[in-house]
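Here's the structure, in structure tokens; my notes come after.
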Amino acid sequence: MPSHPVRPLIGLMLGCLFGPSAISAEEVEWTRFVPDAYEGELFSGKSFVAGTTEFAAGPKGLTGLYRFRAGAETIEGRLDTCGTPARNTLVCRWTDRFGQGTLAITFTEDLQRFDGFWWTEGDAKVRAPWWGKRRVGG
């Protein structure tokens, strides 16, 4: 299991509670290098499952799609309302057939990997890991 950085958690929590902060264009510019597919895992149910997270640039900022396996079934979901409360930090709303909630992730400086947590709407106390590494040869 990958290690999960702790350094951005305070900023992440504040960003989740108070929404994306006003930051300069230079700080936001990093997001234009994020769109791509990332292979990784997320915790679902009682274990880690393989998943793919894809980010795309939209007219209102980053959006995304994700897929993961639940037994023999592939679950697909959307990421939207993405904000950038700090450099290399992205907070999005996830939605799939199980419900919706928040995904808060932090990218490495080279934007090749992210680590973070997801939680369901109304229950930010129970957080589950979600990580991805940029797909090579995609």
Shortest non-hydrogen contact from [X] to [Y]?
{"X": "F68", "Y": "S44", "result": "CE1-OG, 3.6 Å"}
{"X": "A37", "Y": "E54", "result": "CB-CG, 3.8 Å"}
{"X": "W118", "Y": "L42", "result": "NE1-CD1, 4.2 Å"}
{"X": "P35", "Y": "A57", "result": "CG-N, 3.8 Å"}
{"X": "T63", "Y": "C82", "result": "CA-SG, 4.4 Å"}
{"X": "P85", "Y": "T89", "result": "CD-O, 3.7 Å"}

Compare all side-chain heavy atoms of [X] with those of [Y] and state whether any distance is below 4.5 angstrom.
{"X": "N88", "Y": "L111", "value": "yes"}
{"X": "T31", "Y": "F55", "value": "no"}
{"X": "R135", "Y": "T52", "value": "yes"}
{"X": "V34", "Y": "F114", "value": "no"}

Just verifying a value: how many Å separate [X] [atom1] and [Y] [atom2], rounded to the nearest 0.5 Å?
{"X": "K133", "Y": "E41", "atom1": "NZ", "atom2": "CD", "result": "12.5 Å"}
{"X": "L90", "Y": "T84", "atom1": "CG", "atom2": "OG1", "result": "7.5 Å"}
{"X": "W131", "Y": "D115", "atom1": "CH2", "atom2": "CG", "result": "8.0 Å"}
{"X": "T106", "Y": "R113", "atom1": "OG1", "atom2": "CZ", "result": "12.0 Å"}
{"X": "L65", "Y": "D96", "atom1": "CG", "atom2": "CG", "result": "12.0 Å"}
{"X": "C92", "Y": "R78", "atom1": "SG", "atom2": "CZ", "result": "12.0 Å"}

Donor-acceptor contact present, side-chain R69 to main-chain V49, <3.5 Å
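Not at all, since once roles are kept as given, no pair shorter than 3.5 Å links the two residues.
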Working note: E76 + R67, criterion side chain to side chain contact (heavy atoms under 4.5 Å, CB included); need CA distance, chi angles, decisive distance, verdict.
CA-CA 4 Å; E76 296 184 357; R67 286 177 222 64; 3.5 Å; yes
Side chain to side chain contact (heavy atoms under 4.5 Å, CB included) between V126 and T120, intermediate numbers included:
CA-CA 8 Å; V126 178; T120 58; over 6 Å; no
Ring centroid separation for Y38 and F107, is it under 6.0 angstrom?
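Here the rings of F107 and Y38 have centres that are less than 6.0 Å from each other.
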Would you call R93 and E121 a salt bridge, taking side-chain N to carboxylate O under 4.0 Å as the test?
no
Side chains of W130 and T53 only: does a donor on one sit below 3.5 Å from an acceptor on the other?
yes
